[in-house]
Amino acid sequence: MSSPTSDNPTPDAARSLNFIEQIVEADNQSGRWGLWPAGGAASTVACRTPSKPGDASHSISRAGKPRVRTRFPPEPNGYLHIGHAKSICLNHGLARRYDGVFNLRFDDTNPTKEEQEYVDSIIRDVRWLGGDFDPTTGPYAGGLYFASDYFRQMYDFAVELIKKGKAYVCHLSAEEVSRRRGTPQIPATSPDRDRPVEQSLRFFDEMRRGVHPDGSMTLRAKIDLASPNFNMRDPVMYRIVHEHHHNTGGDWCIYPMYDWAHGLEDSLEEITHSICTLEFENHRPLYDWFINAINEGRTDDGSGPWGRKIHHPQQIEFAKFRPNYTVLSKRNLLKMVQDKVVSGWDDPRMPTISALRRRGCTPEALRKLMEDVGVSKVESMIDLVRLENAVRDHLNKTAPRAMAVLRPLKVVIENWPEGKVDQLDYVINPEDLERSGESAKRKVPFSRVLYIEQDDFMENPPKKFFRLAPGNEVRLRWAYIIRCTGVTKDASGAITEVRCTYDPATRGGDIPLGPDGKPIRKVQGTIHWVSAEHAASAEIRLFDRLFKTEEPGSATGNWMDDLNPSSLEVVRAFIDPHVAQTARYHADRGEGDRFQFERLGYFCVDKDSSPGKLVLNRTVTLKDTWAKEAAKS
RNA sequence: UGGGGAUUGGUGUAACGGUAGCACAGCUGACUCUGGAUCAGUUAGUCUAGGUUCGAAUCCUAGAUCCCCAGCCA
């Protein structure tokens, strides 16, 4: 999803085609959607971003290639979550793979639920994920659109359907419509469906002009009250809502229903493949009906009584991304925000894209995850360890290393002179082959009093415990080999400090070589440490999954019952002073610097940080095979 | 009880009438100054029952299980 030249030119080529790609390739073969004209990808509808690329390096030559146009159509009624990421990756990935274009379009047809804040957050998240929609910055970008910009056009189409006898104004209340809905065997009823066209035209005009109160009447499509598909039982096309709209303000008091609007939006933007989730499969016949109804009496050259035919996209449905140990519906996410179960939409425990970003997840990792899980129609549950693995994978290669101690235990090096400080070489990232020589290193201070992790010392260790214990040797990462000589305890018997001696011949952590060129002894364990007098203090937030069960609510029916009460733990840690001096939060990107605290995991700077106060999030731990080993016994 | 979908190892996904493959997880081992990473090896699968065929995950028939649909939400 990054630029086509910056990484492997055909990153997807090795993988077999998913079923949607197979459809696209078949369409491209048959020429179903025609070819791109020489003029480029500008669409005929209003676009909020420049339609012409602003910089030649951000454009590709599309002329003569098969047309592929996709879109991501969110409703701005909440923040985007990891499920949306799949749709963004899929739609943008298709545009990229087939030299097509990708639109971001807000499906903003319900002013009672939608807000500008959500519009802004969605734009931010889509950009961050790499779904470039702005033609001045991305070669596959088709522009930014709003369904509400088409309200006039949709209204005209609706009037056309009334005139064609395919829609009527219905005076039934919502409750009455519901009551008359019928059952699979019993048809619905509607008293107004044979109302004269002129009457419906007059009422619809009155609806538009604000003559009637909310809920008093609707415009309905005249399809089939007996259809076994309830979506076809004369669905509502317009309802009256006297409400301010974030985009159109007070221009309208009738708003199109999703089912009426969505297919038209795709049509107007000349979307070729309208990709949506499985639950809309039942709606596809309705979308097809709407387009066909508009096209009735229209012709390819516009010579008919109703003008030129409109574009008829193909809808394709795929299974949602459904992770375990979380909820995903915007209603539930909103409830957690409102009930203050979390600190906000971007609380790092949330499954939202903004939360993942705040937690330290990278867009590369998210894209890799979506590539890994694939696209199909099988409703499956994705184990979140896949996300963690994707994050580890990317961060392992890119994150600079540092040391920090989360639960400190004091260590005194008895044979190290008081006041002496050694500046040792520290390898920034052994996995990063780009770094070499001196640029691959920095300094880390060592002194007589250190902190190590409480877990890294045991007074009575079990077998296979390779860390520090009385009489044992251990390597301090990039520093010295030390041997534990004893412990100091307080009155209650708790260990207050560990006493050690160091071996001066092991500076840098290297073991001296014998005459045979091999190390003269072996040390099993290497542990991390910080120098007590040099360490900086930081607040570190450790996260666990938000829910205790894979499918929240599956047992009791109430998903809130399964909230994990200990999903957040805050510790005061000692960290490498270099991190404290250099790590920053970048408000412009909405990201904090990321790094690995060795043996602990990946961490990033949180936005709550301020000059005197560093706050870090643990993105994900490192794999811990010792924990598994310890659990066995 | 109407309509629309789905069903391949623990998980996800290929195979489009011709050797059931890949990834993740698991397990074994190697290597290692992160019990990390890396490398090598390995366990494990076609919902069921019939049928067509030289040959079926794939085609046919019947059944099972799961998901979606009766908002003036999207």
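The chains referred to below are lettered A, B, ... by the order of the sequence lines, with proteins before strands, and numbering in each begins at 1.
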**Asked** Which residues satisfy the side-chain hydrogen bond (donor to acceptor under 3.5 Å, both in side chains) test with A:Asp107, sequence neighbours excluded?
**Response**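 With sequence neighbours excluded, A:Asp107 shows a side-chain hydrogen bond (donor to acceptor under 3.5 Å, both in side chains) to A:His262, given in chain and number order.
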**Request:** Report the residues that fulfil side-chain hydrogen bond (donor to acceptor under 3.5 Å, both in side chains) with A:Lys441, sequence neighbours left out, ordered by chain and then residue number.
**Result:**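 If we apply the side-chain hydrogen bond (donor to acceptor under 3.5 Å, both in side chains) test to A:Lys441, skipping adjacent residues, there are no hits.
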**Request:** Enumerate, in order of first residue number, the stems that involve RNA chain B, defined as 3 or more consecutive Watson-Crick or G-U wobble pairs with both distances under 3.5 Å.
**Result:**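 The stems that RNA chain B takes part in, listed by first number, are B:2-7 with B:64-69, B:10-13 with B:21-24, B:26-30 with B:38-42, B:47-51 with B:59-63.
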**Request:** Please work out if A:Gln22 contacts a base, only the sugar-phosphate, or nothing of the nucleic acid, heavy-atom cut-off 4.0 Å.
**Result:**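 The residue A:Gln22 makes base contact.
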**Message:** For a quick check of understanding: with a heavy-atom distance under 4.0 Å over all strands, which category does A:Val375 fall into, base, sugar-phosphate or nothing?
**Reply:**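 Sugar-phosphate only.
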**Item:** Short side-chain donor-acceptor distance under 3.5 Å, A:Asn103 and A:Glu269
**Value:**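 Yes, A:Asn103 and A:Glu269 have a side-chain donor paired with an acceptor closer than 3.5 Å.
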**Whole-Å gap separating P (B:G12) and NZ (A:Lys86)** =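 To the nearest whole Å, that distance equals 11 Å.
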**Asked** Whole Å only: how far is the OH atom of A:Tyr287 from the P atom of B:G4?
**Response**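 So the OH-P distance, A:Tyr287 to B:G4, works out to 17 Å.
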**Prompt:** What salt bridge (Lys or Arg N to Asp or Glu O under 4.0 Å) pairs are there with at least one residue in residues 210-231 of chain A, not counting sequence neighbours?
**Reply:**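 Residue pairs passing salt bridge (Lys or Arg N to Asp or Glu O under 4.0 Å), neighbours aside: A:Asp194-A:Lys222.
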**Item:** Within residues 318-334 of chain A or reaching into it, pairs that qualify as salt bridge (Lys or Arg N to Asp or Glu O under 4.0 Å) - sequence neighbours excluded
**Value:**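 Sorted pair list: A:Glu279-A:Lys320, A:Arg322-A:Glu551.
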**Asked** Under the salt bridge (charged side-chain N to carboxylate O under 4.0 Å, His left out) test, which residues partner A:Arg386, sequence neighbours left out?
**Response**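 Scan of A:Arg386 (salt bridge (charged side-chain N to carboxylate O under 4.0 Å, His left out), adjacent residues dropped) gives none.
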Which residues pass the ring pair (Phe, Tyr, Trp, His ring centres under 6.0 Å) test with [X], not counting sequence neighbours?
X	answer
A:Phe203	A:His171
A:Tyr255	A:Phe151, A:His245
A:Phe318	none
A:His528	none

**Prompt:** Would A:Phe595 and A:Phe603 count as a close aromatic pair, with their ring centres under 6.0 Å?
**Reply:**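 No, the ring centres sit 6.0 Å or more apart.
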**Phosphate-side-chain proximity, A:Lys320 and B:C67, N/O vs OP1/OP2 below 4.0 Å** =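 Answer no for this pair, as no side-chain N or O of A:Lys320 is under 4.0 Å from OP1 or OP2.
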**Request:** Sugar-phosphate atoms are those with a prime plus P, OP1 and OP2; base atoms are the rest. Using that split, label each nucleotide of nucleotides 68-74 of chain B B, S or - for protein heavy atoms under 4.0 Å, 5' to 3'.
**Result:** BSBSBSB
**Message:** Across nucleotides 34-45 of chain B, 5' to 3', mark each nucleotide with B, S or - according to how protein heavy atoms within less than 4.0 Å reach it.
**Reply:** BBBS--------
**Message:** I'd like to know if A:Arg386 reaches the base of B:U11 with its side chain such that a donor and an acceptor end up less than 3.5 angstrom apart.
**Reply:**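 Side chain to base: pair present.
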